[in-house]
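In listed order, ligands and their atoms are each counted from 1.
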Amino acid sequence: MNRLKGKKALITGATAGIGKAIAHQLADLGVHLILTGRRSERLVELKSEIESSYGVQVQTLHFDIRSNKEVEDALSEVDLESVDLLINNAGLAAGVDPVHKADLADWEQMIDTNIKGLLYISRLITPVMAAKKSGHVLNLGSIAGHEAYPGGVVYTATKHAVTAINKAMKMDLHGTNVRVSMISPGLVNTEFSTIRFKGDSHRADSVYAGIDPLVADDIAEIAVFILNRPAHVDIMDVVVFPTAQSAATMVFRG
Ligand code: NAP
C-alpha cells in the first residue's frame, strides 16, 4: 500500500549515494521532493531526471549545511508547512587518523556536517511539524553510532551523537504525532569512502574488495519501508549490515 503519494520530502545530501537513491525511490511512489546539497550542477541534473521520469515536482536548494546562515537563507525559499518528511542524510567521514595524529579540520568538518548541520535543519522543520501535528524525521545514523573503532574517533562520535539526537528528538516530540526514525548501516558502496580518503579511489575500492557491500538502493528500500508505515507505527532504528560484515572491523573477504 502506498501511503506516501502526494507527500513532500526534504532530503539533505541528495546529490549522491543514499540520498539520491532515496530521492528516486520516493519519487517513484509519487512523493514531491526538495533536494539539497552543495553541488548545484548535480541538483539541476537530478531535478530534470526525476521530474521527467516520475512526474513529481522537485525543488532544489544548494547550500553548505555547516553554515546555519546558508541553511536559513535556503529554507526561507521553502513552504515549510508543506514538508511532510525530513530525511537528515547529508554527512561524511573524513580521514582515518588516530586521535594523536588526526587533522583538526577533518574533525571540524565531520562535527559541523553530521551533528550541527543535522540540527540546523531539524530546528527549522520540527517546529512546523509539531504545530501541524504530523510529519516524519528520518535520520541517517550508522553502525558507527553503535560501536567505536580505531581511526574513527570523531566519525563514531558524530554518529553516536546522531543516535542520541534520534532518541531525544523522539522524546521531545512526544505527543505531537511527529515520527522520528533512524537507519544505521554498515558498509554501503557510495562515494563515502572516496571522500573519506580524499579522492584516493584505489584505497576507497579496497574497503569493498572481496565482499558484496550494501548499495544505496538497499538503504533507500528500508527508508521507504519506514516512511510508508501507517501513522501509528514509528520504527526507531534499523541496523543493517552486508552479510559479510558483522561489526565495523569484522569483514569477511572470502
Ligand atoms: P555520499 O555518497 O558521499 O553522499 C553524501 C551526501 O552528503 C552528498 O550528497 C553530499 O552532497 C552531502 N554533503 C556532505 N557534506 C555536505 C555539506 N557540508 N553540506 C551539504 N551537503 C553535504 O555518502 P553516503 O554513503 O550516501 O552517505 C549518506 C549518509 O549515510 C551519511 O550521513 C553517512 O554518514 C551515512 N552512512 C554511510 C555509510 C556508508 O558506508 N556509505 C554507512 C553508514 C552511514 P554535496 O557534496 O553535493 O554537498
Chemist: Just which atoms of ligand 1 are under 4.0 Å from any heavy atom in Y155?
Modeler: 33 (C), 34 (O), 36 (N), 44 (C)
Chemist: Students should be able to answer this: which protein heavy-atom is nearest to atom 12 (C) of ligand 1, and at what distance?
Modeler: G13 CA, 3.6 Å
Chemist: If you draw the axis of the six-membered ring of Y155, does the NZ or CZ of R196 fall within 45° of it and under 6.0 Å from the ring centre?
Modeler: yes
Chemist: Return a yes/no value for I18: is any of its N or O atoms, backbone included, closer than 3.5 angstrom to an N or O of ligand 1?
Modeler: yes
Chemist: Between ligand 1 and L187, is the shortest N or O to N or O distance under 3.5 Å?
Modeler: no
Chemist: Under a 4.0 Å threshold between the charged nitrogen and the carboxylate oxygen, would K198 count as salt-bridged to E191?
Modeler: no
Chemist: For the NE2 atom on H62, are there more than 12 heavy atoms of other groups (residues, nucleotides or ligands in this structure) within a distance under 6.0 Å?
Modeler: no
Chemist: Run the numbers for me: atoms of ligand 1, each under 4.0 Å from some heavy atom of E191, listed by number.
Modeler: 2 (O), 3 (O)
Chemist: Considering only non-hydrogen protein atoms, determine which one is nearest to atom 44 (C) of ligand 1 and report residue, atom name and distance to 0.1 Å.
Modeler: G141 O, 3.1 Å
Chemist: Provide, to 0.1 Å, the distance between atom 15 (N) of ligand 1 and the closest protein heavy atom, together with that atom's residue and name.
Modeler: R38 NH2, 3.2 Å
Chemist: Hey, is A216 touching ligand 1 through its side chain, its backbone, both or neither, going by heavy atoms under 4.0 Å?
Modeler: neither
Chemist: Which is it for K159 and ligand 1 at heavy atoms under 4.0 Å: side chain, backbone, both or neither?
Modeler: side chain
Chemist: Is the side chain of Q59 donor-acceptor paired with the backbone N or O of L35 at a distance under 3.5 Å, no angle test?
Modeler: no
Chemist: Could you name the option among V188, I65, T15 that has the heavy atom nearest to atom 40 (O) of ligand 1?
Modeler: V188
Chemist: By the definition side chain to side chain donor-acceptor pair (under 3.5 Å), identify the one residue from N139, N114, T12 that meets it with N88.
Modeler: N139
Chemist: Identify, by atom number and element, the atoms of ligand 1 in contact range of A14, meaning under 4.0 Å from any of its heavy atoms.
Modeler: 9 (O)
Chemist: Look at atom CG of D212 and say whether more than 12 heavy atoms of other residues, nucleotides or ligands are closer to it than 6.0 Å.
Modeler: no
Chemist: Looking only at protein heavy atoms, which one is nearest to atom 43 (C) of ligand 1, and how far off is it?
Modeler: P185 O, 3.2 Å
Chemist: Can you list the ligand 1 atoms lying under 4.0 Å from a non-hydrogen atom of G17?
Modeler: 2 (O), 26 (O)
Chemist: Checking salt bridge (Lys or Arg N to Asp or Glu O under 4.0 Å) against D84, which of K7, R3, K132, K5 comes through?
Modeler: K132
Chemist: Out of T190, V207, L118, N89, whose heavy atom is nearest to atom 25 (O) of ligand 1?
Modeler: T190
Chemist: Counting C-beta onward and ignoring hydrogens, is there a side-chain heavy-atom pair between P150 and T249 closer than 4.5 Å?
Modeler: yes
Chemist: Starting from atom 21 (N) of ligand 1, which protein heavy atom do you reach first, and at what distance in Å?
Modeler: A90 CB, 3.8 Å
Chemist: As an exercise, identify every atom of ligand 1 less than 4.0 angstrom from a heavy atom of T113.
Modeler: 15 (N), 16 (C), 18 (N)
Chemist: Looking only at side-chain N and O atoms, does D237 offer a donor or acceptor that is under 3.5 Å from a partner on H146?
Modeler: yes
Chemist: If you draw a 6.0 Å radius around CE in M236, do more than 12 non-hydrogen atoms from other residues or ligands fall strictly inside?
Modeler: yes
Chemist: For atom 18 (N) of ligand 1, what's the nearest protein heavy-atom neighbour? Residue, atom name and distance, please.
Modeler: D64 OD1, 2.9 Å
Chemist: Identify, by atom number and element, the atoms of ligand 1 in contact range of F63, meaning under 4.0 Å from any of its heavy atoms.
Modeler: 19 (N), 20 (C)
Chemist: Below 4.0 angstrom, N of the basic side chain to O of the carboxylate: do K101 and D97 qualify?
Modeler: no
Chemist: Main chain of R179, side chain of D234: is a donor-acceptor contact present, judged purely on distance under 3.5 Å?
Modeler: no
Chemist: Any N/O of R39 closer than 3.5 Å to an N/O of ligand 1?
Modeler: yes
Chemist: So if I count the atoms of ligand 1 from 1 in the order they appear, which ones are less than 4.0 Å from some heavy atom of A16?
Modeler: 2 (O), 4 (O), 9 (O)
Chemist: Only heavy atoms count here, so choose which of G145, A21, G91 is nearest to atom 7 (O) of ligand 1.
Modeler: G91
Chemist: Any salt bridge between K47 and E41, counting N to O under 4.0 Å?
Modeler: no
Chemist: Using a 4.0 Å cut-off to any heavy atom of I195, which atoms of ligand 1 qualify?
Modeler: 3 (O)
Chemist: Donor-acceptor check, side chain of Q25 to backbone of D217, threshold 3.5 angstrom: yes or no?
Modeler: yes
Chemist: Which protein heavy atom lies closest to atom 42 (C) of ligand 1, and at what distance to 0.1 Å?
Modeler: G186 O, 3.2 Å
